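A short write-up of the structure that comes next.
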Amino acid sequence: MNFITLSLIAIVLTIVIGYAFKVNYGIVALVFAYFIGCWGMGLTPKALIAMWPSSLFFTLLSITLFFGVAMTNGTLPALANRIIYPFRNAPALIPVVLFLVAALLGFIGPGPVPLFPLLTPIYMSIAYKMKLNRALVPLMVVGASAGGWGPIAVNGMTTKNLIVTAGFREDLATRYTLQVWLMLAVFLFLFFLLFYGIL
């Protein structure tokens, strides 16, 4: 078995173990990296640690901590409510506004993953109060993905760094990342509008 296949198996096992035992996926992945790198590939721990993308790690850590504070102290829910308040007399626009709010919040930093569990109960509550179809809630929340691959969001910065690591020039990496984000954002918005019209 080659190391690529072994790494893919390790990724799958990381997800299964992390989900089943409610432990941090990163810690499980580090354990697998150590066993595959040091025992399987014969690398020294120092050589393995040298491969760690420290700049990407600190970028992700700082963004996560910053928005973790905003989520914990209620800033993001308050921001969402403040944005939709002017549209309280136009309930037909509320789902579109909530999609765009999710996209904006995803764009400015945290990305979609932390926003999904944060926004879902907020949006469900708003849908209940506004008597909106509950099936619209996941479609509105997925707006976080529309913004989450922007140039300053976690996913966008991760994508760019991975493209640069793969050997592309930084200007090309920036262009490719923007193309991915714009295509995804347009597709998700059209997808949302289609099902909003149906529902």
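From a predicted model like this one, the values you see are computed outputs, not experimental measurements. Counting from 1, the numbers follow the sequence of the chain as shown.
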Interatomic distance, [X] atom [atom1] to [Y] atom [atom2] [nearest 0.5 angstrom]:
{"X": "I4", "Y": "I9", "atom1": "CD1", "atom2": "CD1", "result": "12.0 Å"}
{"X": "I198", "Y": "N133", "atom1": "CD1", "atom2": "CG", "result": "11.5 Å"}
{"X": "L98", "Y": "I126", "atom1": "CG", "atom2": "CD1", "result": "5.0 Å"}
{"X": "T159", "Y": "M157", "atom1": "OG1", "atom2": "CE", "result": "11.0 Å"}
{"X": "L132", "Y": "I94", "atom1": "CG", "atom2": "CD1", "result": "7.5 Å"}
{"X": "R134", "Y": "L136", "atom1": "CZ", "atom2": "CG", "result": "10.5 Å"}

Does atom NZ of K131 have more than 12 heavy-atom neighbours, drawn from other residues, nucleotides or ligands, at distances under 6.0 Å?
->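 No, because the 6.0 Å sphere around NZ of K131 holds 12 heavy atoms or fewer from other groups.
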Do the side chains of [Y] and [X] get nearer than 4.5 Å, heavy atoms only?
{"X": "I152", "Y": "F107", "value": "yes"}
{"X": "V101", "Y": "Y123", "value": "yes"}
{"X": "V23", "Y": "V28", "value": "yes"}
{"X": "L199", "Y": "L139", "value": "yes"}
{"X": "Y176", "Y": "V180", "value": "no"}
{"X": "Y196", "Y": "V96", "value": "yes"}
{"X": "P151", "Y": "L178", "value": "yes"}
{"X": "M51", "Y": "L43", "value": "yes"}

Checking side-chain contact (heavy atoms from CB on, under 4.5 Å) for the pair W52/L30: CA distance, chi angles, key distance, verdict?
-> CA-CA 10 Å; W52 181 262; L30 285 173; 3.4 Å; yes
Linked, directly or transitively: [X] and [Y] (ILVMFWY side chains, under 4.5 Å):
{"X": "F187", "Y": "L194", "value": "yes"}
{"X": "V141", "Y": "L93", "value": "yes"}
{"X": "I27", "Y": "I36", "value": "no"}
{"X": "V31", "Y": "Y25", "value": "no"}
{"X": "F168", "Y": "V164", "value": "no"}

Shortest non-hydrogen separation from [X] to [Y] and the atoms involved:
{"X": "A185", "Y": "A146", "answer": "CB-O, 3.4 Å"}
{"X": "W149", "Y": "L184", "answer": "CE3-CD2, 3.7 Å"}
{"X": "F3", "Y": "G40", "answer": "CZ-O, 3.1 Å"}
{"X": "P95", "Y": "F192", "answer": "O-CZ, 3.4 Å"}
{"X": "P112", "Y": "S145", "answer": "CB-OG, 3.5 Å"}
{"X": "A153", "Y": "G148", "answer": "CB-O, 3.2 Å"}

F35 vs W39 aromatic rings, parallel, tilted or perpendicular, using cut-offs 30° and 60°?
->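 Geometry flag for W39 against F35: perpendicular rings.
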With respect to F32, which candidate in L13, L6, I11 satisfies the side-chain contact (heavy atoms from CB on, under 4.5 Å) definition?
->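 The passing option is L13.
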Evaluate the side-chain contact (heavy atoms from CB on, under 4.5 Å) criterion for residues V142 and F99: first the C-alpha distance (whole Å), next the side-chain angles of each, then the deciding distance (0.1 Å), finally the verdict.
-> CA-CA 7 Å; V142 85; F99 178 93; 4.2 Å; yes
Salt bridge (charged side-chain N to carboxylate O under 4.0 Å, His left out): pairs with one or both residues in residues 135-164, sequence neighbours excluded =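 Salt bridge (charged side-chain N to carboxylate O under 4.0 Å, His left out) check on residues 135-164 returns K160-E170.
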